[in-house]
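Following: one structure in structure tokens, then a few remarks.
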Amino acid sequence: MSARDKFHNVVKSALQKDGWRITHDPLLIRIENITDMYIDLGAERIIAAEREGQIIAVEVKSFIGTSTISEFHTAVGQFINYRYALEEIDSERVLYLAVPLNTYNDFLNKPFIKTIIQRSQINLIVNEAADNKIYLCYLCIILTTQCL
């Protein structure tokens with residue numbers, strides 16, 4: 001199991017503040033005894049939450065490394081693997097990628113990157129560490145407007 005991402009507790013706290021009940025921290029996904037995967041809230045761990053019958057899994061990425069595009073490639077690959085695994089073992093759970101607000105505004109909001117997010121069907125949670133708030137950005141909203 002990997003270390004927690006820098007923003008793991010920020011996102012977890014913001015989800016709880018928004019009315020979500022954390023059900024797993026991390027959420028273990030085991031596929032055919034091949035491998036264990038942990039959907040992350042932080043660097044590499046997963047948090048699962050539920051609210052009003054909705055259940056989600058959140059992979060948290062901080063994007064604080066030296067290459068934002070490299071971290072983006074890793075995040076997209078993990079997201080796709082986790083989504084396929086969840087489809088097999090927990091198909092009702094919706095997967096999200098949590099990212100810092102500044103990463104969304106400075107990088108993920110660029111047209112080419114938005115196209116990748118759209119084609120990869122990535123749901124985003126944009127989190128602001130300073131005010132401990134989250135902004136749920138569903139795919140259709142990401143493509144048309146800023147997250148606010």
Side-chain angles (χ1 to χ4, degrees), residues 1-31 35-87 89-110 113-114 116-118 120-148:
M1 183 166 43
S2 302
R4 287 188 177 193
D5 192 89
K6 179 180 178 180
F7 293 105
H8 179 97
N9 288 330
V10 171
V11 174
K12 180 179 176 179
S13 175
L15 284 168
Q16 290 171 320
K17 184 177 173 184
D18 194 45
W20 292 91
R21 183 176 67 85
I22 305 303
T23 59
H24 298 83
D25 182 9
L27 175 62
L28 169 65
I29 300 173
R30 180 168 285 144
I31 299 293
T35 187
D36 290 345
M37 291 185 275
Y38 297 88
I39 300 177
D40 186 80
L41 190 118
E44 242 132 336
R45 210 172 167 99
I46 192 165
I47 282 187
E50 64 181 46
R51 178 179 71 177
E52 299 167 358
Q54 300 172 313
I55 54 174
I56 63 173
V58 181
E59 173 67 12
V60 179
K61 293 295 180 193
S62 62
F63 287 88
I64 57 174
T66 56
S67 173
T68 304
I69 192 71
S70 179
E71 290 193 41
F72 178 67
H73 291 158
T74 299
V76 169
Q78 282 182 303
F79 186 92
I80 291 169
N81 285 335
Y82 294 162
R83 186 178 63 223
Y84 291 155
L86 283 172
E87 286 173 3
I89 64 165
D90 196 354
S91 62
E92 292 181 12
R93 194 174 298 277
V94 178
L95 181 61
Y96 287 85
L97 176 65
V99 299
L101 181 60
N102 65 322
T103 299
Y104 177 81
N105 288 333
D106 298 343
F107 181 75
L108 299 177
N109 206 22
K110 296 187 181 302
I113 301 301
K114 283 174 127 176
I116 294 170
I117 291 169
Q118 176 188 20
S120 302
Q121 300 176 7
I122 296 174
N123 299 309
L124 293 178
I125 291 177
V126 179
N127 62 289
E128 175 54 72
D131 63 7
N132 198 29
K133 290 184 181 175
I134 59 170
Y135 308 92
L136 289 178
C137 297
Y138 297 94
L139 187 59
C140 57
I141 296 173
I142 295 170
L143 301 174
T144 59
T145 183
Q146 288 273 96
C147 294
L148 294 177

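Note that the structure is predicted; figures quoted are calculated from it, not measured.
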Given side chains that start at C-beta, do those of [X] and [Y] come closer than 4.5 Å, heavy atoms only?
X: V99; Y: I125; value: no
X: T23; Y: R93; value: yes
X: I113; Y: I69; value: yes

Which atom names give the shortest non-hydrogen contact between [X] and [Y], and what distance separates them?
X: I29; Y: I89; value: CG2-CD1, 3.3 Å
X: P100; Y: S62; value: CG-O, 3.4 Å
X: F79; Y: Q121; value: CE2-O, 3.7 Å

Pairwise distance [atom1]([X]) to [atom2]([Y]) - rounded to 0.5 angstrom:
X: Q78; Y: L97; atom1: CD; atom2: CG; value: 9.0 Å
X: K61; Y: T103; atom1: NZ; atom2: OG1; value: 12.5 Å
X: I56; Y: N123; atom1: CD1; atom2: CG; value: 9.5 Å
X: Y84; Y: L95; atom1: OH; atom2: CG; value: 12.0 Å
X: H24; Y: D90; atom1: NE2; atom2: CG; value: 8.0 Å
X: L86; Y: N81; atom1: CG; atom2: CG; value: 11.0 Å

**Prompt:** Where does the angle between the aromatic ring planes of F72 and F107 fall among parallel (under 30°), tilted (30 to 60°) and perpendicular (over 60°)?
**Reply:**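 Perpendicular: the ring planes of F72 and F107 meet at over 60°.
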**Item:** Donor-acceptor under 3.5 Å (S13 side chain, N9 main chain)
**Value:**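 Side chain of S13 to backbone of N9, a donor-acceptor pair under 3.5 Å: no, none is there.
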**Asked** Is a side-chain N or O of N109 found less than 3.5 angstrom from the main chain of Y104, in a donor-acceptor match?
**Response**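 Between the backbone of Y104 and the side chain of N109 there is no qualifying donor-acceptor contact (under 3.5 Å).
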